[in-house]
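None of the values given here were measured: they were computed from a predicted structure.
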Amino acid sequence: QLQLVESGGGLVQPGGSLRLSCAASGFTLDYYAIGWFRQAPGKEREGVSCITSSDDRVYYMDSVKGRFTISRDNAKNTVYLQLNSLKPEDTAVYYCAGTRRFAGTRCYAPPREYDSWGQGTQVTVSS
């Protein structure tokens, strides 16, 4: 069973930056598509970004393009999400999730298609 642990959240002012980490154990991340999702109070969980298992293709939701960057360090079995130019509407609990359901060149999928989840890390953007 793939186990994921997020870290790096916190309180930041608008325009600030954070780097979220998703550390894996149990299995190597090489074979998993990894997604970052977020959920704000009263809203559904939404996909923010993801990275494929085989060729590191990446996907971003429109509202974070140019501000967030996903990356993978297989040697550390960790996936990162760099959050820049943060806005109050980015406030949410951020989750990472992994799955081996997809072929290696796919990662964009709804939350129900991801099998292993971390506990989440809170990101609050406020002045």
request  = Please lay out, stage by stage, how D56 and R72 fare under the test side-chain contact (heavy atoms from CB on, under 4.5 Å).
outcome  = CA-CA 8 Å; D56 285 354; R72 176 199 295 266; 3.3 Å; yes
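- Salt-bridge annotation for D90 and K87: absent, with no side-chain N of the basic residue lying under 4.0 Å from a carboxylate O of the acidic one.
- Among the candidates S49, S21, S71, the single residue satisfying the side chain to side chain contact (heavy atoms under 4.5 Å, CB included) test with L81 is S49.
- Other residues, nucleotides and ligands contribute at most 12 non-hydrogen atoms within 6.0 Å of the CD atom of E44.
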query = Y114 and F37: side-chain contact (heavy atoms from CB on, under 4.5 Å), yes or no, with the steps?
reply = CA-CA 10 Å; Y114 277 80; F37 297 82; 3.6 Å; yes
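- Between R67 and Y60, every side-chain heavy-atom pair lies at or beyond the 4.5 Å cut-off.
- Checking side-chain atoms of Q119 against main-chain N and O of E6 turns up a donor-acceptor pair under 3.5 Å.
- Residues V123 and L20 meet the side-chain proximity criterion, which asks for heavy atoms closer than 4.5 Å.
- Ring-plane geometry between W117 and Y95 is classed as perpendicular, the angle between the planes exceeding 60 degrees on a 0 to 90 degree scale with a lower cut at 30.
- For an aromatic pair to be called close, the ring centres must be under 6.0 Å apart, and F102 with Y108 fails this.
- A cation-pi arrangement is present between R19 and Y80 under the rule of less than 6.0 angstrom and at most 45 degrees off the ring axis.
- Side chains of I70 and V79 form a contact here, defined as non-hydrogen atoms less than 4.5 Å apart.
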task = Start with the C-alpha gap between T99 and L2, add the side-chain angles, then the distance that decides, and say whether side-chain contact (heavy atoms from CB on, under 4.5 Å) holds.
result = CA-CA 9 Å; T99 184; L2 179 69; over 6 Å; no
